[in-house]
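Order of listing sets the numbers, starting from 1, for every ligand and every atom in it.
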Amino acid sequence: MFQNKHIVVGISGGIAAFKAAGLVSQLRQHGADVHCIMTEHAAKLVTPITFGELSGNDVIVDMFANISKWDVEHISLAQMADLFVIAPATANIIGKVANGIADDMLSTTIMATKAKVLFVPAMNTNMYENPIVQGNIEKLKTLGYFFMEPEIGHLACNTVGKGRFPELDMIMEEMEYLLSGNQLLQGKKVLVSAGGTKENIDPVRYIGNRSSGKMGYAVARAAAMEGANVTLVSCNRELPVPVGVHAIYVKNACDMEKVMNEFYEDCDVAIMAAAVSDYRPVTEAMKKIKKEDCETLTINLELNPDILMGLGKKKTHQFLVGFAAETNDVLNYGKRKVEKKNLDMLVANDVAMDGAGFNVSTNIASIIYKDLRVEQYPKMSKNDLGKIIVGKIAENLSKR
Ligand code: CTP
């Protein structure tokens with residue numbers, strides 16, 4: 001994603017300036033052409049030599065240092081940038097840009113660029129929450145600038161609160177999102193389910209399965225990167241919600257069915273990546289079941305609704321995608337599910353294979369289409385498979 005992309009990293013004068021060094025290093029390792037612009041205050045906290053070494057390019061600090069070149073530099077960087085990231089972004093640089101002040105190399109170049117600009121604010125909590133700063137952020141957001149939320153944690157001022165520089169992975173993901181995509185699903189509404197449902201036995205126990213939700217999240221992420229409006233119906237609160245995705249949390253199959261039905265009518269694509277429990281306890285004990293009360297325990301189970309089958313029955317215009325987790329005869333069972341559940345596409349995987357299935361970050365899948373044509377894929381990361389699935393959905397939608 002970052003290969004040969006021109007990324008301009010603006011470093012303003014916050015203590016987190018040293019963390020931007022890690023970001024620059026990662027971007028370069030991912031193949032990006034990185035150019036750094038530092039404010040004079042940032043250059044007092046971390047030496048420009050650090051950023052020069054890590055980026056492999058000259059670092060620009062003082063716009064008047066090289067008077068014969070400065071205007072060329074700020075315009076050429078502004079024009080060449082595929083993406084601009086200000087990390088860390090102080091209240092000062094946010095305030096300057098929001099109010100049209102361009103009095104140093106960084107603020108001037110931001111003013112001159114037409115590339116997407118991502119601010120990564122990091123500062124003391126009270127500063128971040130100051131209504132003037134928040135007002136500036138809101139103003140910039142409405143003008144099309146992008147912002148990351150700072151994290152909550154220990155701050156340089158020895159307090160705990162909101163204002164921490166986010167984890168590098170999160171910044172990289174946000175940047176990837178902004179850089180990505182050919183907008184293959186621009187304007188499409190995509191509904192994705194993810195994770196394993198949990199059916200309560202009593203207030204402390206449930207029947208669940210090994211699904212981590214990673215595959216559904218990867219598909220949701222890939223769809224958002226292609227410009228879709230994505231609603232993710234998830235059973236897993238632990239995974240970070242991908243950028244641009246709206247998450248709704250559910251616990252059990254009945255709740256998931258309700259939410260899926262609510263959004264189905266209006267969606268263009270529905271993808272059931274969730275591992276839905278086929279059965280639920282007939283009754284849920286209201287109090288914890290105590291072992292003194294029963295020497296042996298029998299839990300009676302009843303069938304859950306087959307959500308995907310229900311969606312297949314009432315399908316009108318939607319492109320409907322199912323998943324199948326099998327341990328043998330993958331393609332035969334998969335084909336049967338395509339027909340039985342009235343699907344346009346099914347992603348089948350053999351969960352017994354090494355590197356496929358639950359709780360790992362890779363998968364080995366076959367895609368089966370409505371006409372029972374099969375495409376087989378080698379082992380790859382769930383994120384890569386998510387991109388392939390979304391690409392195939394877009395390809396089939398465009399043929400309709
Ligand atoms: N599914 C569903 N509701 C259920 C069970 C499954 O919507 N109660 C969906 C899953 O989200 C998946 C597809 O149906 O997209 C296939 O799920 P899978 O567990 O592989 O198969 P089942 O249909 O449950 O059949 P079996 O467990 O007998 O293989």
Check whether the side chains of Ser234 and Tyr217 place a donor and an acceptor atom closer than 3.5 Å, and report yes or no.
yes

List, pair by pair, the atoms of ligand 1 and of the protein that are both N or O and lie under 3.5 Å apart, giving the separation rounded to 0.1 Å.
from     : atom 1 : to     : atom 2 : distance (Å)
ligand 1 : 3 (N)  : Ile307 : N      : 3.1
ligand 1 : 7 (O)  : Ile307 : N      : 3.3
ligand 1 : 7 (O)  : Leu308 : N      : 2.8
ligand 1 : 8 (N)  : Pro305 : O      : 2.9
ligand 1 : 11 (O) : Met272 : O      : 3.4
ligand 1 : 11 (O) : Ala274 : O      : 2.7
ligand 1 : 14 (O) : Lys341 : NZ     : 2.9
ligand 1 : 15 (O) : Met272 : O      : 2.8
ligand 1 : 15 (O) : Phe323 : N      : 2.9
ligand 1 : 15 (O) : Phe323 : O      : 3.1
ligand 1 : 20 (O) : Ala325 : N      : 3.2
ligand 1 : 20 (O) : Lys337 : NZ     : 2.8
ligand 1 : 21 (O) : Lys337 : NZ     : 2.8
ligand 1 : 23 (O) : Lys341 : NZ     : 2.5
ligand 1 : 24 (O) : Asp278 : OD1    : 3.1
ligand 1 : 24 (O) : Asp278 : OD2    : 3.4
ligand 1 : 27 (O) : Asp278 : OD2    : 3.2
ligand 1 : 29 (O) : Lys337 : NZ     : 3.0

With side-chain hydrogen bond (donor to acceptor under 3.5 Å, both in side chains) as the rule and sequence neighbours excluded, what pairs involving residues 151-173 come up?
Glu149-Lys162, His154-Asn158, Glu173-Arg221

Nearest heavy-atom pair of Pro203 and Lys288: which atoms, and what distance?
CD-N, 3.8 Å

Return all side-chain donor-acceptor pairs below 3.5 angstrom for residues 265-275, not counting sequence neighbours, or 'none' if the list is empty.
from   : atom 1 : to     : atom 2 : distance (Å)
Asp266 : OD2    : Lys189 : NZ     : 2.9
Asp268 : OD2    : Lys189 : N      : 2.7

Enumerate the residue pairs fulfilling salt bridge (charged side-chain N to carboxylate O under 4.0 Å, His left out) with a member in residues 236-259, sequence neighbours excluded, ordered by first and then second residue.
none

Do you know the tightest heavy-atom contact between Leu45 and Gly13?
CD1-C, 3.6 Å

